Amino acid sequence: MKNIILIIVIATVSCQKAPKFTTVSGQVIDYGSAEPIENATIRLIDGWRGSNPIIDSEMHTDNETVTLTDANGEFNASIDAAYDVFLFPSKSDEYWPYDLGVTGITNKANGYAKGSDTSNEVLRLKAKAFTEGRFKDSQNQRDSVIVYRLMPDLIAHPWNTYSNPNGEALMPNGNALIIGNDYYRYKIEYKRNGEWNSLIDSIYLEKGETFTDTIYY
């Protein structure tokens with residue numbers, strides 16, 4: 001009888017295994033160039049922190065894991081989590097917050113089920129770029145001009161539209177998403193000799209570039 005009791009106790013203890021870790025591995029690359037990003041920060045947090053209409057903001061612990069990508073942009077991170085895990089990649093000196101929307105800055109995260117093991121994840125960061133250029137009538141006719149910023153979805157978003165009756169307009173910038181290592185797309189509508197004309201074109205912006213030239217139409 002004593003032997004039987006001993007076996008039961010051992011079986012019970014063996015079932016109390018260490019908590020299962022949530023693991024994520026993959027690569028961080030540049031959104032425009034697809035080149036790997038070295039020394040990007042990978043942050044795994046246990047549960048969601050902050051307001052969210054779906055996820056209970058109280059379902060989290062203070063546990064988190066932080067690591068950096070290697071020369072190939074690759075990473076492997078794991079966390080002992082009580083809840084689902086959220087991953088934030090970042091490199092704030094050169095790149096915008098992860099997964100920006102097409103019209104402005106939003107800071108999002110990838111979610112993973114507690115205890116899951118995810119490999120070959122590809123995360124894309126969008127390089128920062130800026131514009132201080134302008135559009136100008138090439139014939140000095142002081143045309144009425146409307147400039148639409150074409151976001152990555154190629155839709156002419158009205159909240160990034162600039163109108164000017166003097167044939168000149170600044171390039172839309174402000175809080176708009178300007179991506180380096182990618183094309184800045186725009187649409188111009190201008191009234192010349194009583195008729196409206198339009199054109200769509202783009203310029204290529206390097207990472208960290210501030211475009212200051214004048215574009216004549």
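As the structure is a computational prediction, the values presented were derived from the model and not from experiment.
Looking at heavy atoms from C-beta onward, Phe86 lies out of side-chain contact with Leu44 at the 4.5 angstrom threshold. Between Tyr98 and Arg43, the closest side-chain pair of non-hydrogen atoms is not below 4.5 Å. Under the 4.5 Å side-chain criterion, counting only non-hydrogen atoms from C-beta, His60 is not in contact with Asp46. Side-chain atoms of Leu68 and Thr41, non-hydrogen and from C-beta on, do get closer than 4.5 Å to each other. Side-chain contact between Tyr31 and Asn181 is absent, with no heavy-atom pair separated by less than 4.5 Å. For the pair Arg192 and Tyr217, the minimum side-chain heavy-atom distance is below 4.5 Å. Within the 4.5 Å cutoff, side-chain heavy atoms of Leu125 are placed close to those of Pro89. In this structure the side chain of Leu205 never reaches within 4.5 angstrom of the side chain of Phe130, judged on heavy atoms.
Nearest approach of Lys128 to Ser92, heavy atoms of both residues: NZ-O, 2.6 Å. Across every non-hydrogen atom of Glu38 and Thr69, the tightest pair is C-OG1, 3.4 Å. Between Thr67 and Ala77 the shortest heavy-atom distance is CG2-CB, 3.9 Å. Nearest heavy-atom pair, Gln139 versus Asp137, reported as atom, atom and distance to 0.1 Å: N-OD1, 2.9 Å. Nearest approach of Ser78 to Thr65, heavy atoms of both residues: O-OG1, 2.9 Å.
Remark: Asp182 does not engage Lys126 in a salt bridge, criterion side-chain N to carboxylate O under 4.0 Å.
Within 6.0 Å of CG in Asp93 there are more than 12 heavy atoms belonging to other residues, nucleotides or ligands.
From Thr22, atom OG1 reaches atom CD1 of Ile79 across 7.5 Å, with rounding to the nearest 0.5 Å. Distance check, rounded to the nearest 0.5 Å: CD1 of Ile29 to CG of Leu123 gives 9.0 Å. Atom CZ of Phe21 and atom NZ of Lys114 lie 13.5 Å apart (nearest 0.5 Å). The distance from atom CG of Asp70 to atom CZ of Phe75, rounded to the nearest 0.5 Å, is 10.5 Å. Asp84 contributes atom CG, which lies 8.0 Å from atom OG of Ser116 (distance to the nearest 0.5 angstrom). Rounded to the nearest 0.5 angstrom, Arg185 CZ and Asp201 CG are separated by 11.0 Å.
Remark: of the listed residues Thr212, Ile203, Val147, Thr214, Ile203 is the sole one forming a side chain to side chain contact (heavy atoms under 4.5 Å, CB included) with Met171.
Without hydrogens or angle criteria, Ser144 side chain to Lys191 main chain gives no donor-acceptor distance under 3.5 Å. Judged by distance alone, with hydrogens and angles left aside, the side-chain atoms of Lys91 form no donor-acceptor pair with the main-chain N or O of Ala127 at under 3.5 Å.
Taking hydrophobic clusters as Ile, Leu, Val, Met, Phe, Trp and Tyr residues chained together by side-chain heavy-atom distances below 4.5 Å, Ile42 shares a cluster with Val85. Val28 and Trp96 fall into different hydrophobic clusters, defined by Ile, Leu, Val, Met, Phe, Trp and Tyr side-chain heavy atoms under 4.5 Å apart, directly or through other members. Ile179 and Ile37 fall into different hydrophobic clusters, where Ile, Leu, Val, Met, Phe, Trp and Tyr are joined by side-chain heavy atoms under 4.5 Å apart, directly or via other members. In the hydrophobic cluster analysis, where Ile, Leu, Val, Met, Phe, Trp and Tyr join through side-chain heavy atoms closer than 4.5 angstrom, Phe211 is grouped apart from Tyr95. Taking hydrophobic clusters as Ile, Leu, Val, Met, Phe, Trp and Tyr residues chained together by side-chain heavy-atom distances below 4.5 Å, Ile215 shares a cluster with Val145.
Looking at Glu209 and Tyr184, their side chains never bring a donor and an acceptor atom within 3.5 Å of each other.
Listed by chain and number, the hydrophobic cluster partners of Tyr204 are Tyr183, where partners are ILVMFWY side chains within reach of under 4.5 Å, directly or through others.
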- Message: Please determine whether side chain to side chain contact (heavy atoms under 4.5 Å, CB included) holds for the pair Tyr148 and Ile200, giving the CA-CA distance in whole Å, both sets of side-chain angles, and the decisive distance to 0.1 Å.
- Response: CA-CA 9 Å; Tyr148 299 86; Ile200 294 176; over 6 Å; no
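A centroid separation of less than 6.0 Å is found between the aromatic rings of Tyr186 and Phe135.
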